[in-house]
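We're numbering straight along the sequence, starting at 1.
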Amino acid sequence: MNTPLRFNEALIITGRAFKPFQCVAWALQDGTGELSISVIDRTNTRLLGRSKIPCSTYSDPEQLASILKQSREELSRKGYDLEPWTMPE
């Protein structure tokens with residue numbers, strides 16, 4: 001995947017990266033285009049939070065893959081089991 005990602009595509013990819021947990025993503029209406037994500041479990045406990053991911057990062061497939069892999073590794077180090085995932089091509 002070499003073309004820039006649109007916001008909705010980045011959201012879908014991000015949501016799939018953290019299964020079986022739920023990923024909640026949002027952008028503030030301030031016009032900056034920054035993305036914030038939180039990963040929560042079934043009890044709505046926040047397992048991970050990332051704020052202010054710039055558009056330049058989430059629109060670039062390689063940069064998005066890198067930040068998602070880092071976040072997945074962080075969850076794994078905390079003892080959470082995630083389903084296998086790879087960045088779509």
Side-chain angles (χ1 to χ4, degrees):
M1 182 179 283
N2 295 326
T3 58
L5 296 170
R6 292 176 290 173
F7 183 76
N8 287 342
E9 293 170 321
L11 290 179
I12 291 168
I13 291 167
T14 301
R16 291 179 179 161
F18 297 103
K19 290 192 178 275
F21 304 106
Q22 183 179 6
C23 180
V24 179
W26 68 94
L28 297 177
Q29 300 277 327
D30 61 3
T32 63
E34 293 176 328
L35 177 66
S36 296
I37 64 170
S38 287
V39 178
I40 58 174
D41 67 11
R42 290 182 184 174
T43 65
N44 289 330
T45 301
R46 189 167 108 175
L47 308 177
L48 178 73
R50 290 271 184 263
S51 296
K52 298 184 179 180
I53 301 169
C55 177
S56 60
T57 299
Y58 70 74
S59 65
D60 180 295
E62 288 182 19
Q63 289 185 44
L64 179 62
S66 177
I67 199 165
L68 293 176
K69 287 177 186 175
Q70 289 172 14
S71 297
R72 287 174 54 85
E73 289 169 4
E74 185 177 334
L75 284 171
S76 291
R77 282 192 302 273
K78 291 180 178 180
Y80 297 104
D81 292 323
L82 297 167
E83 292 177 4
W85 174 83
T86 57
M87 186 70 175
E89 295 193 24

Rounded to the nearest 0.5 Å, how far apart are [atom1] of [X] and [atom2] of [Y]?
{"X": "Met87", "Y": "Leu68", "atom1": "CE", "atom2": "CG", "result": "6.5 Å"}
{"X": "Lys69", "Y": "Thr86", "atom1": "NZ", "atom2": "OG1", "result": "8.5 Å"}
{"X": "Arg72", "Y": "Glu83", "atom1": "CZ", "atom2": "CD", "result": "9.0 Å"}
{"X": "Leu47", "Y": "Gln22", "atom1": "CG", "atom2": "CD", "result": "11.0 Å"}
{"X": "Cys55", "Y": "Glu34", "atom1": "SG", "atom2": "CD", "result": "10.0 Å"}
{"X": "Ile67", "Y": "Ile53", "atom1": "CD1", "atom2": "CD1", "result": "4.0 Å"}

Which atom of [X] lies closest to which atom of [Y], heavy atoms considered:
{"X": "Pro61", "Y": "Thr3", "value": "CG-O, 3.4 Å"}
{"X": "Ile13", "Y": "Pro88", "value": "CG1-CG, 3.8 Å"}
{"X": "Ser71", "Y": "Leu48", "value": "CB-CD2, 3.5 Å"}
{"X": "Gly15", "Y": "Cys23", "value": "CA-CB, 3.9 Å"}

Practice problem: Please assess Leu11 against Leu35 for the test side chain to side chain contact (heavy atoms under 4.5 Å, CB included), listing each intermediate value before the final yes or no. | Solution: CA-CA 9 Å; Leu11 290 179; Leu35 177 66; 3.6 Å; yes

Quiz item: What pairs with Glu74 under salt bridge (charged side-chain N to carboxylate O under 4.0 Å, His left out), at least two apart in sequence or on another chain?
Solution: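 Residues passing salt bridge (charged side-chain N to carboxylate O under 4.0 Å, His left out) with Glu74: Arg50, Lys78.
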
Quiz item: Are the side chain of Thr45 and the backbone N or O of Asp41 linked by a donor-acceptor pair below 3.5 Å?
Solution: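 It does not hold such a pair.
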
Self-check item: Flag, side chain of Arg46 to backbone of Ser38, donor-acceptor distance under 3.5 Å
Solution: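 No.
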
Quiz item: Which residue pairs satisfy the ring pair (Phe, Tyr, Trp, His ring centres under 6.0 Å) criterion with at least one member in residues 14-44, sequence neighbours excluded?
Solution: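 Found Phe21-Tyr80.
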
Quiz item: Is there a side-chain contact between Glu62 and Ser66, using heavy atoms and a 4.5 Å cut-off?
Solution: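 Of all side-chain heavy-atom pairs linking Ser66 with Glu62, none is under 4.5 Å.
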
Quiz item: For Tyr58, what residues pass the ring pair (Phe, Tyr, Trp, His ring centres under 6.0 Å) criterion, not counting sequence neighbours?
Solution: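 Listed in chain order: Phe7.
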
